[in-house]
Amino acid sequence: MVEREMGGSTDNCNHSGDTEPPKSPEDESSERPEAQCTQDLKSVLITSVLNLEKLDVDLYRGTHHWVPRSQRLFGGQIVGQALVAAAASVSDNLYAHSLHCYFVRAGDPKVPVLYQVDRTRDGRSFTVRSVRAIQHGQPILICQASFHMLQPSPLQHQFTMPVVPQPEDLLTVEELIHRYLSKPDLAKKSRQGLNKLLANEVPIEIKPVHPPHFYRLSAVELRKLFWVRARGYIGEGNMKLHCCVAAYVSDYAFLGTALLPHPNYRAQFSASLDHAMWFHNTFRSDEWMLYECESPWAGGSRGLVQGRLWRRDGVLAASCSQEGVLRVKPVTEPSKL
Ligand SMILES: C[C@H](CCC(=O)SCCNC(=O)CCNC(=O)[C@H](O)C(C)(C)COP(=O)(O)OP(=O)(O)OC[C@H]1O[C@@H](n2cnc3c(N)ncnc32)[C@H](O)[C@@H]1OP(=O)(O)O)[C@H]1CC[C@H]2[C@@H]3[C@H](O)C[C@@H]4C[C@H](O)CC[C@]4(C)[C@H]3C[C@H](O)[C@]12C
């Protein structure tokens, strides 16, 4: 399996059950994995989605877990798996620092994805891999990923992390949905939509900072802020793996940011066209990170969104950009959540 080639060990066990209150990151990272855990939603990211099967040199096969209702493969899954494939032939002293992808065809959830890696260049400090994600003999995604060795520099700066409530003081998406569903006067259509959302087996935990915003119930500002982490315990592992998980995480709830300024419209068809990420510092994708998303522009049936993933200590972990196709239609009756 590719993961073994990536070095580092990943613990398949998880330590934050759905029923028990979320543990603080310190609790989780201090726990030692005890019992043998079966694969479940909380470890599926690592044990299957990002655990590719090696078919040949530089050729891998990925399986699916969660698929959006559009029945197109989730873009974050394809990006995360492409980065796993790219990283497999890169030595452990190099770190993923950027990736750039185009989604050129919809992914078919009925068949696995093949990842064909080209070892574009192994330089003195930078190494570049090109990956084609292939289904039915055609590329669905083309990706370039670059890896860099540690080269410290006195030149450092970053934006300042937004001041927001801590995740321990916020509700998860699931808890919010249950709260909305408890409203007796909830519109039937909204109730159906929320139950479908609850049924999503997304291996990501999300705590919106401004819930009405997250669900576009009010366009107070053009930013979407939410705490996010992969479900389950990944452990220190190796940074390549955490970058692959962050790639998966970064594409969820991202493109919808471009609809925030337009509460009177909803997407009739939306799909990511490209996705770019820059990894700035080490981070743990299984610990809460703040995802700050904004949309500087939309037009011509496209929208551009930009995101910053922040560590809890205020360090900027990663930056993301994505343009997507957005074909919209007027909202006939605003949601009554
Ligand atoms: C995570 C969910 C999904 C986000 C993704 O991952 S998208 C998947 C990755 N990207 C792609 O698959 C794109 C691949 N590329 C292509 O398919 C093509 O290149 C394309 C289509 C871009 C261009 O093709 P081309 O042939 O050149 O051009 P067209 O002719 O225009 O297109 C042809 C096909 O396109 C379809 N189509 C075109 N127009 C329409 C239309 N008007 N209506 C319907 N379909 C149309 C059609 O298939 C055509 O093909 P055909 O063969 O003719 O059929 C996220 C998605 C939703 C999010 C949730 C949501 O926003 C609600 C919550 C919001 C909250 O804030 C966060 C939580 C949410 C639950 C949120 C969570 C997620 O972000 C999802 C689930």
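For reference, positions follow the sequence shown, starting with 1. Whatever order the structure lists ligands and atoms in, that order sets their numbers, starting from 1.
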> Out of curiosity, is Ala271 lining ligand 1, as in a heavy atom under 4.0 Å away?
Replying inline: yes
>> Regarding Gln77 and His65, do their side chains bring together a donor and an acceptor under 3.5 Å, going by distance alone?
In response: no
>> Distance alone, cut at 3.5 Å: any donor-acceptor contact between the side chains of Thr257 and Ser295?
In response: no
> Considering only heavy atoms, which of Cys101, Ala253, Gly76, Pro208 lies nearest to atom 74 (O) of ligand 1?
Replying inline: Ala253
> Side chains of Ser270 and Arg327: is there a donor and an acceptor less than 3.5 Å apart?
Replying inline: no
>> List ligand 1 atoms under 4.0 Å from Leu197, heavy atoms only on the residue side.
In response: 70 (C)
> For Gly75, is at least one N or O under 3.5 Å away from an N or O on ligand 1?
Replying inline: yes
>> Looking only at side-chain N and O atoms, does His136 offer a donor or acceptor that is under 3.5 Å from a partner on Asp108?
In response: yes
> Should Arg327 be counted as touching ligand 1, given the test is an N or O pair under 3.5 Å?
Replying inline: yes
> Under 3.5 Å, N or O to N or O, is Tyr252 touching ligand 1 that way?
Replying inline: no
>> So, taking the atom named CE in Met277 and the one named OG in Ser98, what distance separates them when rounded to the nearest 0.5 Å?
In response: 10.5 Å
> Do Arg231 and Glu205 come within less than 4.5 Å of each other through their side chains, counting heavy atoms only?
Replying inline: yes
>> Can you tell whether the side chains of Asp58 and Arg119 come within less than 4.0 Å, N to carboxylate O?
In response: yes
>> Against ligand 1, does Lys224 come closer than 4.0 Å with any heavy atom?
In response: yes
> Between Pro68 and ligand 1, does any nitrogen or oxygen pair lie at a separation below 3.5 Å?
Replying inline: no
> Applying side chain to side chain donor-acceptor pair (under 3.5 Å), which residue pairs with at least one partner in residues 150-159 are found, sequence neighbours left out?
Replying inline: Ser125-Gln151, His148-Gln151
> Can you pull the salt bridge (charged side-chain N to carboxylate O under 4.0 Å, His left out) pairs that have at least one residue in residues 250-264, sequence neighbours excluded?
Replying inline: none
> Between Arg105 and ligand 1, which residue portion shows a heavy-atom distance shorter than 4.0 Å: side chain, backbone, both, or neither?
Replying inline: backbone
>> Can you name the atoms of ligand 1, numbered from 1 with element, that are less than 4.0 Å from a heavy atom of Phe74?
In response: 1 (C), 6 (O)
> Do any nitrogen or oxygen atoms of Ser270 lie less than 3.5 angstrom from nitrogen or oxygen atoms of ligand 1?
Replying inline: no
> In ligand 1, which numbered atoms sit nearer than 4.0 Å to a non-hydrogen atom of Arg72?
Replying inline: 11 (C), 12 (O), 13 (C), 14 (C), 16 (C), 17 (O), 21 (C), 35 (O), 48 (O)
>> Between ligand 1 and Leu73, can you find any atom pair, the residue atom being a heavy atom, that is separated by under 4.0 Å?
In response: yes
> For ligand 1, which atoms sit closer than 4.0 Å to a heavy atom of Asp251?
Replying inline: 6 (O)
> Can you check whether Leu273 has an N/O within less than 3.5 Å of an N/O in ligand 1?
Replying inline: no
>> Could you check whether His275 and Gln322, counting side-chain N and O atoms only, form a donor-acceptor pair closer than 3.5 Å?
In response: yes
